[in-house]
Amino acid sequence: MKSTVLKTAVASAIVAGALPTAAAAEDLTLCWAAWDPANALVELSKDFEAKSGHNMSFEFVPWTSFADRMLNELNSGGQLCDLMIGDSQWIGGGAENGHYVKLNDFFDANSIDMGDFIPATVTGYAEWPKNTPNYYALPAFGDVVGWTYRKDWFERPEIRAEYKEKYGRELGVPETLEELKDIAQFFQGREIDGNTVYGAAIYTERGSEGITMGVTNALYNYGFQYENPDQPYDIEGFVNSDGAVAGLEYYKELYDTATPPGSSNWYMGENIDAYKSGQVALQMNFAFIWPGVEADANVGGGKSGYFPNPAGPEGQYAQLGGQGISVVAYSEKQDAALEYIKWFAQPEIQARWWELGGYSALRAVVEDPGFASSQPYAQTFLDSMAIVKDFWAEPAYADLLLSMQERVHNYVVAGDGTAKEALDDLVKDWIEVFEDEGKL
Amino acid sequence: MKNIPIEKIASATPDGVARHIRGLSDRSIAWIFVAPTIFLLLAINIFPLIWTVWLSFTNSRVNRPNRDVDWVGLRNYERILTDSDIWNTMQATAHFLIWTIVLQVLIGFMLAFLINKKFRGNDLWTTIIVFPMMLSPAVVGNFWTFLYQPQIGLFNYVIAFFNGADPASFSMIGDVHLAPWAIVIADTWMWTPFVMLICLAGLRSIPESIYEAAECDRASKWRQFWTITVPMVLPFLMLAVLFRGIENFKMFDLVVQLTGGGPGNTTTLTSIDLKREAFEKWRTGYSSAYAVILFVTVFGLASIYVKALNKVKER
């Protein structure tokens with residue numbers, strides 16, 4: 001009897017000892033866009049589930065409705081998401097509206113140093129206000145707009161000869177935006193293997209953020225600036241400078257003369273489809289697509305090459321994409337969510353993240369001597385991340401973005417007015433937004 | 001149950017309750033029954049409407065809970081009514097509304113007239129014709145996006161077959177001049193069967209004896225059509241116009257799927273614009289004023305139209 005009592009007592013003690021762990025096991029929901037990297041993250045997170053005992057659920061929403069759906073969720077104080085991999089432009093609203101948990105103390109307590117991450121990703125995804133050490137996210141997925149091209153077509157002797165005869169230089173990776181336009185125009189309407197192909201698939205989408213993410217790659221390099229570097233929110237003459245006007249005219253010419261017919265509302269998905277189906281020689285797209293291109297039966301396995309956004313007259317920049325991972329302030333499982341971030345920040349997990357197709361922003365991963373040669377696109381990713389610029393990340397970013405979408409799309413796709421008028425109208429819209437915000 | 005006297009059933013009500021109810025007037029009892037419905041109506045319809053009107057005079061933004069909401073008077077209304085972009089949106093909506101109604105009424109009436117004739121396979125054809133309206137607008141939007149695709153779309157090939165042009169030389173949803181027609185065509189394809197069904201109901205409600213009397217008076221078919229068929233179907237047609245008008249004024253899903261409101265703003269209808277203002281830009285006060293203006297417009301036009309409809313019915 002004594003023995004039974006003793007055994008029961010010991011068993012109870014063991015169960016009691018185990019209880020804190022069992023009670024701490026949570027069902028965490030991570031919200032992100034529905035795209036290839038999200039599938040890689042599901043795979044990666046199995047390790048977290050095994051080590052922590054927490055269960056991971058995922059809420060993935062297609063890009064075109066991602067902002068709508070998730071910003072609604074945050075604005076309504078919803079508890080669907082414990083962790084949010086929100087777009088870089090949401091960081092201002094996330095911080096100022098109290099949607100995201102400030103992570104400074106957590107980072108300090110767990111020796112997570114933002115200096116260990118690519119600087120552009122820290123500024124772009126984690127800081128608010130920008131360039132201040134106030135962190136609301138951990139850089140989760142580095143991304144940038146770059147170009148993919150049909151290397152196999154570029155290498156064909158007859159095409160190379162014809163190009164050289166026409167333009168007086170070798171057909172290869174363009175070094176300037178003007179060269180890129182020449183190449184795209186050269187391929188426009190060309191017969192290759194019995195099919196009519198076109199120059200370039202570029203971003204033109206109207207509804208969410210597409211054309212802005214595309215046109216900025218031309219605007220930046222022609223001299224567009226968001227504001228006076230010496231006086232915040234002073235935008236007149238910077239957004240609509242002569243250089244910016246030339247950049248917008250360049251993008252329209254590219255659209256009018258070197259893109260497939262019917263590409264008036266294209267974004268990431270449509271560009272991928274056009275490229276993989278052999279419709280276009282060049283494709284503008286975020287770097288996240290490159291692992292998928294390499295693996296594709298039609299265009300992968302060495303048939304494609306990659307290059308950063310070429311330079312323009314005023315420099316070489318590329319539109320930043322990518323996201324940071326934040327803990328949602330309305331979550332009741334913040335401790336478990338922070339555990340996830342701690343786990344995710346580990347160098348070995350970040351290395352595994354890169355292996356699975358996720359673009360790690362950890363310097364230890366990207367500065368590893370073997371990184372640049374680990375994938376055909378790895379060096380292009382590094383080069384591109386070194387030249388990034390991002391859109392406004394103000395709390396009112398949605399107003400600013402939608403105005404730009406409308407003004408730019410109206411000019412580039414619909415041919416409404418002139419580039420100067422489009423940018424002048426954009427300046428008016430943005431000034432109105434900043435006035436409403438009390439910034440002017 | 002059938003043979004139980006009513007008094008016996010009434011006696012099943014507990015005495016206390018029966019005494020209480022006996023003390024209430026018929027009006028009170030009626031109110032007890034109607035009250036839940038009125039409460040729901042107030043909570044779901046009237047309160048949000050009043051709240052929207054109040055918001056329309058403020059600078060509210062629901063995504064900025066920490067910001068003060070200030071009274072701005074008529075500023076939102078003034079901004080909307082002087083905004084040329086909004087007038088362009090109104091024009092795009094009017095173009096869509098007028099042309100879809102004209103085409104749907106004409107084609108729908110013709111189809112109903114044909115289907116009303118007795119012929120073999122009549123039921124099968126009716127089912128086939130009605131099929132598009134059974135589909136989801138999102139499906140129809142996707143379907144027509146492919147049909148309009150310049151390189152592989154069937155629509156372009158059909159047009160090219162007749163005019164000899166290169167199918168890839170024009171883009172229905174990418175061209176500012178063609179896109180407004182692209183959405184009219186898709187909506188007409190989807191909703192003409194609805195108008196046809198209403199017209200069919202009207203045609204079948206005309207007594208055969210009227211046509212027989214007209215035959216006796218040696219009235220030609222053409223005369224019968226204009227003096228019997230059209231006047232008697234007219235109330236049904238007007239009802240169809242009312243339904244389609246209201247539906248198309250708030251058209252959203254099909255057009256978003258097809259063109260996303262583009263190219264430029266050429267197919268940005270008021271509902272799309274309103275959604276952007278309210279749930280993308282989060283200008284709650286401004287979009288409330290926008291919604292109030294649209295509500296007053298639709299309500300006013302619908303009221304005038306219903307009066308006209310009643311007059312036609314009385315004739």
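Note that the structure is a prediction, hence the values are computed from the model and not measured.
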Top residue by heavy-atom pair count (under 4.5 Å) with chain A, among [options]?
options: B:R61, B:R283, B:M172; result: B:R61
options: B:S169, B:P263, B:G261; result: B:P263
options: B:A168, B:A179, B:G262; result: B:A168

Segment of [X] engaging chain A (4.5 angstrom heavy-atom cut-off):
X: B:T259; result: backbone
X: B:Q151; result: side chain
X: B:D175; result: neither

Item checked: Partners meeting ring pair (Phe, Tyr, Trp, His ring centres under 6.0 Å) with A:F60 (sequence neighbours left out) -> A:F58
Sort out for me which of [options] touches chain B most, counting heavy-atom pairs under 4.5 Å.
options: A:S264, A:A396, A:P261; value: A:P261
options: A:R407, A:E432, A:H99; value: A:E432
options: A:N72, A:L71, A:D416; value: A:N72
options: A:L402, A:V413, A:L400; value: A:L402

Look at the rings of [X] and [Y] and say which category their plane angle falls in: under 30° parallel, 30 to 60° tilted, over 60° perpendicular.
X: B:W54; Y: B:W51; result: parallel
X: B:W144; Y: B:Y148; result: tilted
X: B:Y77; Y: B:F57; result: tilted

Note to self: Taking the basic N atoms (NZ, or NE/NH1/NH2) and the acidic carboxylate oxygens, is any pair closer than 4.0 Å for A:K439 and A:E394?
What the structure shows: yes
Margin query: Are A:V280 and A:Y198 packed together at the side-chain level, in the sense that at least one heavy-atom pair is separated by less than 4.5 angstrom?
Written below: yes
Next item on the list: Tell me, for A:Q405 versus chain B, whether the close heavy atoms (under 4.5 Å) come from the side chain, the backbone, both or neither.
Entry: neither
Check: Looking at the rings of A:W392 and A:F434, which for Trp means the six-membered one, are their centres under 6.0 Å apart?
Finding: yes
Notebook entry, point to check: How far apart are the C-alpha atoms of A:E437 and A:Y233, what are their side-chain angles, what is the distance that settles it, and do they pass the side-chain hydrogen bond (donor to acceptor under 3.5 Å, both in side chains) test?
Noted result: CA-CA 11 Å; A:E437 291 292 303; A:Y233 307 111; over 6 Å; no
Next item on the list: Carefully, step by step, assess B:F143 and B:L135 under the rule side-chain contact (heavy atoms from CB on, under 4.5 Å).
Entry: CA-CA 10 Å; B:F143 172 69; B:L135 299 172; 5.8 Å; no
Item checked: Derivation of the side-chain contact (heavy atoms from CB on, under 4.5 Å) call for A:Y411 and A:E249 -> CA-CA 9 Å; A:Y411 169 67; A:E249 284 169 346; 3.6 Å; yes
Next item on the list: Starting from the C-alpha separation in whole Å, work towards a yes-or-no answer on side-chain contact (heavy atoms from CB on, under 4.5 Å) for A:D399 and B:W282.
Entry: CA-CA 8 Å; A:D399 296 57; B:W282 297 99; 5.6 Å; no
Note to self: Suppose a student defines contact as a heavy atom less than 4.5 Å from any heavy atom of chain B. Which residues in residues 202-210 of chain A would they list?
What the structure shows: A:R206, A:G207
